[in-house]
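Everything on this sheet refers to the single structure shown next.
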Amino acid sequence: MTSSAFSFRVTQTDGGARRGVMTTAHGDVQTPAFMPVGTQGAVKGVTHRDLESVGAEILLSNMYHLYLRPGADLIARRGGLHTFIGWSRPILTDSGGYQIFSLAARRTIDEEGARFRSHLDGSAHLLTPEKAADIQAQLGSDVAMVLDECLAYPSEAGPARQSMERTMRWARRARARFLALYEKRGQAPFSSDGVVVTNPDQAQFGIVQGGVSPELREESARGTVAIGFEAYAIGGLSVGEPGDVMYDIVAGTTRCLPDGRPRYLMGVGTPQDLVESVARGIDLFDCVLPTRNARNGQLFTSEGPINIKNARYAEDDQPADPACGCYTCRTCSRAYLRHLFHVREITASTLNTLHNLHFYLDTLRGIRDAIAFGRFERFRLAFHQRLSRRLHDS
Ligand SMILES: [Zn+2]
């Protein structure tokens with residue numbers, strides 16, 4: 001591998017599921033792992049101390065947002081993203097392809113890159129694969145993602161192929177730029193080709209695209225692996241396609257990826273999606289569901305999601321999830337959480353987010369233990385049985 005500190009080791013397998021350790025300059029990540037989403041350098045509603053208390057080993061942050069505000073130069077002058085935000089564990093930065101697709105005004109994509117206007121002030125920008133690599137080198141995340149083109153679902157076969165091929169050409173350019181930047185690694189920060197590199201041990205992940213076509217996905221996977229990255233992600237899923245279609249694409253794609261490198265399923269998903277994707281060989285996840293839904297009053301529990309806004313919880317003295325050991329469940333009743341939500345107390349978001357993140361990270365801990373003891377299939381079955389035992393209210 002190019003990066004001196006980055007490595008990955010599969011320690012156990014159980015059917016298609018893998019348990020492993022991803023090592024970065026800022027520490028180890030036990031996989032399968034879930035990355036809380038800290039879009040703007042913070043997970044909404046909670047502090048880094050809260051994240052550490054629920055056992056988050058890696059944080060996802062977003063290049064698009066940080067590039068627009070406060071700017072990559074400013075963060076590089078602070079010594080990089082870890083120093084700026086005060087988080088000493090690993091960070092992965094998303095490249096912004098999805099945000100340009102979904103947020104930016106008047107975006108046009110051509111061979112050179114993505115031209116767009118900022119959703120904040122309308123200013124014009126051109127983001128190329130090279131520039132996305134430069135910005136992430138300035139941020140100094142442990143893992144940088146290549147710039148990819150995101151496709152709307154559903155898509156015709158023609159545009160899906162063109163988009164997949166463009167993403168692959170962009171990946172080649174992104175890798176060339178990354179290798180040039182890190183060719184002469186020195187003590188951080190060092191300047192390379194006019195870019196201040198704040199983390200000499202950054203790794204770069206390629207992204208497999210291709211919509212819901214198994215053929216395009218396979219071609220994209222083989223082409224991206226041929227370019228050669230520290231690891232591989234599957235992008236463009238969970239965008240409206242049926243669940244079984246997504247699971248089939250995940251299974252087909254992981255078969256084309258090397259065993260010795262991490263596999264990251266981007267932006268997915270529900271607790272059930274995590275269990276089913278681990279069964280198909282996925283090692284890394286991120287998703288806004290636990291944090292965004294917490295702020296809307298939805299709590300994930302071992303018996304399925306509950307909506308804390310509901311009148312039925314007005315005098316319910318039980319914790320959100322009696323099976324949960326998080327701070328929220330140890331100290332707050334459903335009645336209190338419902339009250340906080342209804343009077344719009346800031347702590348409603350904090351307490352709900354803490355619980356949901358704990359639930360997600362605890363689910364991953366359960367998955368890892370199950371794989372380690374060769375009991376993943378039993379875990380998977382019990383997990384689904386528990387969720388289907390009752391009808392949910394949300
Ligand atoms: Zn809890």
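Because the structure is a prediction, the values reported are computed rather than measured. Each ligand, and each atom within it, is numbered from 1 in the order the structure gives.
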Item checked: At the Zn ion (ligand 1): angle between Cys326 atom SG and Cys329 atom SG, to 10 degrees -> 110°

Next item on the list: Flag His358 as yes if one of its N/O/S atoms falls below 2.8 Å of the Zn ion (ligand 1), otherwise no.
Entry: no

Margin query: If we count only N and O atoms by modelled type, under 3.5 Å, do the side chains of Glu276 and His384 hold a donor and an acceptor together?
Written below: yes

Margin query: Please name the atom of His355, limited to N, O or S, that comes nearest to the Zn ion (ligand 1).
Written below: ND1

Note to self: Just so I know, are the side chains of Val195 and Gln138 near enough to count as touching, which here means a heavy-atom distance under 4.5 Å?
What the structure shows: yes

Notebook entry, point to check: Are Phe8 and Ile207 joined in one hydrophobic group, where the rule is that I, L, V, M, F, W and Y side chains link up if heavy atoms are under 4.5 Å apart?
Noted result: yes

Check: Using the benzene-type ring in the case of Trp, are the ring centres of His125 and Tyr64 under 6.0 Å apart?
Finding: no

